[in-house]
K.L.:
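Please read through the structure below; I'll follow up with questions.
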Amino acid sequence: MTKFSGKPQKQVVLAAHFPGVNNTTVWSDPAAGSQIAFDSFRRFAQSAERGKFDFFFLAEGLRLREQRGRIHDLDVVGRPDALTVLAGLAAVTTHLGLTGTVNATFNEPYELARKLASLDHLSGGRAGWNVVTSSDAFTGENFRRGGYLDRADRYTRAAEVLHTARELWDTWPADEVTADRAAGVFTRTGDPGHFVHSGQHIDIQGHFTVPRSPQGRPLIIQAGDSDPGREFAARDADAIFSRHGTLESGRAFYADVKGRMARHGRHPDQLKILPASTFVLGTSTEEAVEKAHHIRRQQVSPQTAILLLEQLWNKDLSDHDPEGPLPVFDPVLDDDSIIKGRTRLFDDPLATARQWRDLASEKGLGIRDLIIEVTGRQTFIGTPSSVAATIDEFVQSDAADGFILVPHLVPGGLDEFVDGVVPLLQERGVFRTDYTTTTLRGHLGLDHV
Amino acid sequence: MSELHLAVALDGAGWHPAAWRDPSALPDALFSPVYWLSLVRLAERGRLDFVTIEDSLGLQSGRYDGLDGRADHVKGRLDALLIAARVAPVTTHIGLVPTVTVTHTEPFHVSTQLATLDYLSTGRAGWRAQVSGRAVEAAHFGRRTFPAFDLASHEEPAVQAHIAELFAEAADHIEVVRRLWDSWEDDAEIRDVATGRFVDRDKLHYIDFAGAQFSVKGPSITPRPPQGQPIVTALAHSRAGYDLGTDIVYVTPTSVANAAEIVTEVRSLGPAKVFADVVVFLDPERKARLDEVDGAPYTSDAHVYTGDAAGLAELLLSWRETGLDGFRLRPGVLPADLSAIVDDLLPLLRAEGAFRTDYTATTLRGHLGLPAAQNRYARTEVTA
Ligand SMILES: Cc1cc2nc3c(=O)[nH]c(=O)nc-3n(C[C@H](O)[C@H](O)[C@H](O)COP(=O)(O)O)c2cc1C
């Protein structure tokens, strides 16, 4: 194993993503529990806290996904409201950071800032917000304003919502509430929390109602890959949830985003880069590889294989045999995607289709096996010690600052990792053996604002 | 005689604006989760039906329209729904009914948030739906401007039109929230390995609501909550608020005779249960001290009771004769008046057989004696 002498060892950041609406979540396994009962969230979060994880993470999607005009029925469907669940989890955990994805397009900053600051109070300084920007008209059909926002404006709106939220969080000085009975002074000013914000997207004024929260400002996470997305993160985020989980793409992404920070007057340590990652553990490498394949077959049912193929071909392929060959015709290049409610997956469908065909003929794969081959291979497959070594290597070689782990099972999917890998990371001296702070910013070594 | 239903309304340090200055109050703790948890546990020890938690999308003010500039009153609040969520997993029976404004919020979000609270509490969620007509709160959203109005201009046609619009929007909001709760049938999740399907999409329903202020497509992103329909409630001072499609209406009678009139009117409009709001001070000396500290006698939209527990029991039992289903008591000082309700008032009501000695249900619908909620979208079985 490479040693990076001279440089102090970086500490690994670990977060736990509650598996949800996605075909990586296996619902057909006998061990798969409820995706909605609070007990699943409680058990998953408590497992993360037992493993001294930095934070728990929840995704969001504001409209049920559709394919070919019908609600997508093959993956897990249905989830709770993120911030509400996090407030519940604050009651049954003590140190774990509690972060949730909340859309900046279909929420108003006053209400959102209020909820996040409230969550920070109710959790004793453990709140975090993953700022996402989906702005499609399809999702807009569930909201007052409809599909009002041009895609090009998604990050200008998000940045302004975030900046406005910060202005609101900063309105109450830490010592505003005195609650001095004798003097009869509850707050230093008669009407605290005054603000005025006038900008391109948001024009509001008045008084914020939540006293300054323990972290000052909840942790800000960004998840998005475009140039404006990266720029937004480099300027405004404390952490990034990235898609770049391999060593090479991780290092390139890390260098790119951290390289943008100086221009915004920030130090690279102020932004933690955390790729989404999956893991499969075995007592031997062979066992882990075999398990990984079994899980991939659970994740890609015959029906799911056709569905994923349709997302590239942008066309009804329900007459194709999942065990048979790929379509002989090319993908349909149409702006109007057959899939609604999730982000576009392929930049160049024709090129991807060519690659898939080549791979299928080279290895003699039918549709389902091809899909298993080309989508969502697990990030870390191996024994606990090899996985711990790989994670350490990724972090020390600046492919990441840590990982947001996405297990494939609810609620027990994290347990193996907590029991097997965490102790080895602790032995290596790159992961805490106990919490040394009580706030999320504290765990990440980021200053309270 | 059937038992009363009893709720308490939690707000800051209590409903008296100087409550936080009472030696028994805990003004340093108002923004801490422990404060709220201990209040709700106290109410649960009393076997109350539910607690409501006050909220608003603006600063507290003694004035009808703008702010009041007073530093000697409690200012600031945490989000009530999140307080309820924080308390839910560590309480077991009591209903949790946060206030959520309808005027500026998204019915889609409100629906999933309340459904989630129902999951966190396994069937104890409710909602106090609240209209906001205040211009200062509208300015926090910057999307609509409201005319400033006060008691004097209240009857002017422009103000009346504004208010009518707000109540129409409130009814639409509640309708959308309810439809979204029903948009998943209870057995929509099938996990059918043979066909590879997690859900039966025929049991997920678009709600296709179109109204003056918003249109909502649906279905919800959250499966139907444990109660099917969590309990919807509203405080109302006139007919406009009696008729919003809620399960409970809190009304503010000033006398037995007035209670009888109101009950008759609400009953003529629909099946909602009627609770009377009463502000409660169970220590007259404390109330007098706080009035003095505050520089004015306390007044309220609701009847203010000051006296001992026996007198309050008598009042509740006599008002009940008008057909009221229950009361929402607003403690003047927290936790003192809540303690007195639990330890002094409830034993007297129990001695009269007018209040439960223990919970007989685990859901809020159960406490209220409401049947399982029918799903408006579920196909009824057709028998051949
Ligand atoms: C790892 C990752 C996770 C994401 N999770 C969510 C999510 O839970 N909800 C959501 O609405 N968008 C999610 N997104 C979408 C992004 O937040 C972003 O809004 C979208 O990708 C558009 O931005 P972009 O063009 O910069 O990628 C995720 C993106 C990434 C990379």
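Each chain gets a letter, A, B and so on, in the order the sequences are listed, and its residues count up from 1.
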K.L.:
At a heavy-atom separation under 4.5 Å, does A:Q298 approach chain B through its side chain, its backbone, both, or neither?
P.N.:
neither
K.L.:
Under a 4.5 Å heavy-atom cut-off, does chain B meet the side chain of A:A82, its backbone, both or neither?
P.N.:
neither
K.L.:
Side chain of A:S118, backbone of B:D79: donor and acceptor closer than 3.5 Å?
P.N.:
yes
K.L.:
Is A:V77 close to chain B through its backbone or its side chain, or both, or neither, when contacts mean heavy atoms under 4.5 Å?
P.N.:
both
K.L.:
Residues of residues 205-213 of chain B under 4.5 Å from chain A (heavy atom pairs)?
P.N.:
B:Y206, B:Q213
K.L.:
Examine whether an atom of A:P211 lies under 4.5 Å from a heavy atom of chain B, and if so say whether it belongs to the side chain, the backbone or both; otherwise answer neither.
P.N.:
side chain
K.L.:
Give a yes or no answer on whether the side chain of B:D72 reaches the backbone of A:V185 with a donor-acceptor pair at less than 3.5 Å.
P.N.:
no
K.L.:
Could you tell me whether the side chain of B:L30 reaches within less than 4.5 Å of the side chain of A:F186, counting heavy atoms only?
P.N.:
yes
K.L.:
Any chance you could measure A:H72, atom NE2, to B:R201, atom CZ, to the nearest 0.5 Å?
P.N.:
9.0 Å
K.L.:
Please rank B:H140, B:E106, B:K217 by heavy-atom pairs under 4.5 Å with chain A and give me the top one.
P.N.:
B:H140
K.L.:
Return the minimal non-hydrogen interatomic distance between A:D191 and B:L67, and the atom names on each side.
P.N.:
OD2-CB, 3.3 Å
K.L.:
Find the one option among B:T195, B:D192, B:D294, B:L204 whose heavy-atom pairs under 4.5 Å with chain A are most numerous.
P.N.:
B:T195
K.L.:
Tell me whether B:E292 at atom CD has more than 12 heavy atoms from other residues, nucleotides or ligands lying less than 6.0 Å away.
P.N.:
no
K.L.:
Salt-bridged, B:D55 to A:R114, with N to O below 4.0 Å?
P.N.:
yes
K.L.:
Out of B:L180, B:L82, B:V34, return the one with the most heavy atom pairs under 4.5 angstrom to chain A.
P.N.:
B:L82
K.L.:
Give the member of A:L83, A:N107, A:L86 that has the highest number of heavy-atom pairs under 4.5 Å with chain B.
P.N.:
A:N107
K.L.:
Between B:E189 and A:Q35, does the side-chain contact (heavy atoms from CB on, under 4.5 Å) criterion hold? Intermediate values first, please.
P.N.:
CA-CA 10 Å; B:E189 184 181 316; A:Q35 292 287 144; 5.5 Å; no
K.L.:
Using a cut-off of under 4.5 Å on heavy-atom pairs, state which of B:T112, B:V216, B:L59 scores highest against chain A.
P.N.:
B:L59
K.L.:
Where on A:L62 is there a heavy atom nearer than 4.5 Å to chain B: the side chain, the backbone, both, or neither?
P.N.:
both
K.L.:
Decide salt bridge (charged side-chain N to carboxylate O under 4.0 Å, His left out) for A:R144 and B:E169; before the verdict, give the C-alpha distance in whole Å, the side-chain angles of both, and the deciding distance to 0.1 Å.
P.N.:
CA-CA 12 Å; A:R144 285 177 182 260; B:E169 181 184 10; 2.7 Å; yes
K.L.:
Would you mind telling me which of A:G184, A:G78, A:S301, A:A183 has the largest number of heavy-atom pairs within less than 4.5 Å of chain B?
P.N.:
A:G184
K.L.:
Among all residues two or more places apart in sequence or in another chain, which pass the ring-ring contact (aromatic ring centres under 6.0 Å, His included) test with A:H207?
P.N.:
A:H194
K.L.:
If I measure from the heavy atoms of chain B, does A:E60 come under 4.5 Å with its side chain, its backbone, both, or neither?
P.N.:
neither
K.L.:
Less than 4.5 Å apart, any side-chain heavy atom of A:Y110 and any of B:F141?
P.N.:
yes
K.L.:
Checking heavy atoms, do the side chain of B:T101, its backbone, both or neither come under 4.5 Å from chain A?
P.N.:
neither
K.L.:
Please identify, among A:V177, A:I202, A:T178, A:D180, the residue contributing the most non-hydrogen atom pairs under 4.5 Å to chain B.
P.N.:
A:D180
K.L.:
Is A:S123 in contact with chain B via its backbone, its side chain, both, or neither, using a 4.5 Å heavy-atom distance?
P.N.:
neither
K.L.:
Using non-hydrogen atoms and a 4.5 Å limit, figure out which bit of A:N142 sits close to chain B: side chain, backbone, both or neither.
P.N.:
both
K.L.:
So for B:R86, is it side chain, backbone, both, or neither that comes closer than 4.5 Å to the heavy atoms of chain A?
P.N.:
both
K.L.:
Check whether A:E141 gets within reach of chain B through its side chain, its backbone, both or neither, counting any heavy atom under 4.5 Å.
P.N.:
both
K.L.:
Determine whether B:L81 and A:K115 satisfy the following criterion, side-chain contact (heavy atoms from CB on, under 4.5 Å), listing intermediate values before the conclusion.
P.N.:
CA-CA 9 Å; B:L81 192 134; A:K115 282 196 172 272; 4.3 Å; yes
K.L.:
Can you tell me how far CG of B:L114 sits from OG1 of A:T84, rounded to the nearest 0.5 angstrom?
P.N.:
8.0 Å
K.L.:
Hey, is the main chain of A:D73 close enough, under 3.5 Å, to the side chain of B:R197 for a donor-acceptor pair?
P.N.:
no
K.L.:
Among A:V210, A:L122, A:T304, which residue forms the greatest number of heavy-atom pairs with chain B at distances under 4.5 Å?
P.N.:
A:L122
K.L.:
Under 3.5 Å, is there a donor-acceptor pair between the side chain of B:R191 and the main chain of A:W27?
P.N.:
yes
K.L.:
Side chain, backbone, both or neither: which part of A:D39 has a non-hydrogen atom closer than 4.5 Å to chain B?
P.N.:
neither
K.L.:
I would like to know whether A:R63 and B:I221 meet side-chain contact (heavy atoms from CB on, under 4.5 Å); could you show each step before the answer?
P.N.:
CA-CA 6 Å; A:R63 178 140 179 208; B:I221 54 166; 5.5 Å; no
K.L.:
Just how far is it from atom CG of A:L89 to atom CG of B:L120, taken to the nearest 0.5 Å?
P.N.:
8.0 Å
K.L.:
Less than 4.5 Å to any heavy atom of chain B: does that hold for the side chain of A:T189, its backbone, both, or neither?
P.N.:
backbone
K.L.:
Could you go step by step and tell me if A:L64 and B:W184 meet the side-chain contact (heavy atoms from CB on, under 4.5 Å) rule?
P.N.:
CA-CA 12 Å; A:L64 298 188; B:W184 289 54; 4.3 Å; yes
K.L.:
Taking only Lys NZ, Arg NE, NH1 and NH2, and the carboxylate oxygens of Asp or Glu, determine whether B:K75 and A:E176 approach each other closer than 4.0 Å.
P.N.:
no
K.L.:
Among the options A:R188, A:E108, A:H197, A:R70, pick out the one with the most heavy-atom pairs lying under 4.5 Å from chain B.
P.N.:
A:R70
K.L.:
What is the distance from atom OG of A:S34 to atom OH of B:Y119, rounded to the nearest 0.5 Å?
P.N.:
7.5 Å
K.L.:
Name the region of A:F195, side chain, backbone, both or neither, that has any atom closer than 4.5 Å to a heavy atom of chain B.
P.N.:
side chain
K.L.:
A:V92 versus chain B, heavy atoms under 4.5 Å apart: side chain, backbone, both or neither?
P.N.:
side chain
K.L.:
Look at B:S111, B:A84, B:G142, B:P89 and state which one has the largest set of heavy-atom pairs under 4.5 Å with chain A.
P.N.:
B:P89
K.L.:
Considering residues at least two apart in sequence or located in another chain, which fulfil the side-chain contact (heavy atoms from CB on, under 4.5 Å) criterion with B:S121?
P.N.:
B:A88, B:L96, B:D118, B:R124, B:A125
K.L.:
Answer yes if the ring centres of B:H109 and A:F106 are under 6.0 angstrom apart, and no otherwise.
P.N.:
no
K.L.:
Return the option, out of B:F214, B:F108, B:W36, with the maximum number of heavy-atom pairs under 4.5 Å with chain A.
P.N.:
B:F108
K.L.:
Do the side chain of B:T222 and the main chain of A:R79 share a donor and acceptor less than 3.5 angstrom apart?
P.N.:
yes
K.L.:
Using a heavy-atom distance cut-off of less than 4.5 Å, which residues of residues 12-28 of chain B contact chain A?
P.N.:
B:W20, B:R21, B:D22, B:P23, B:A25, B:L26, B:P27, B:D28
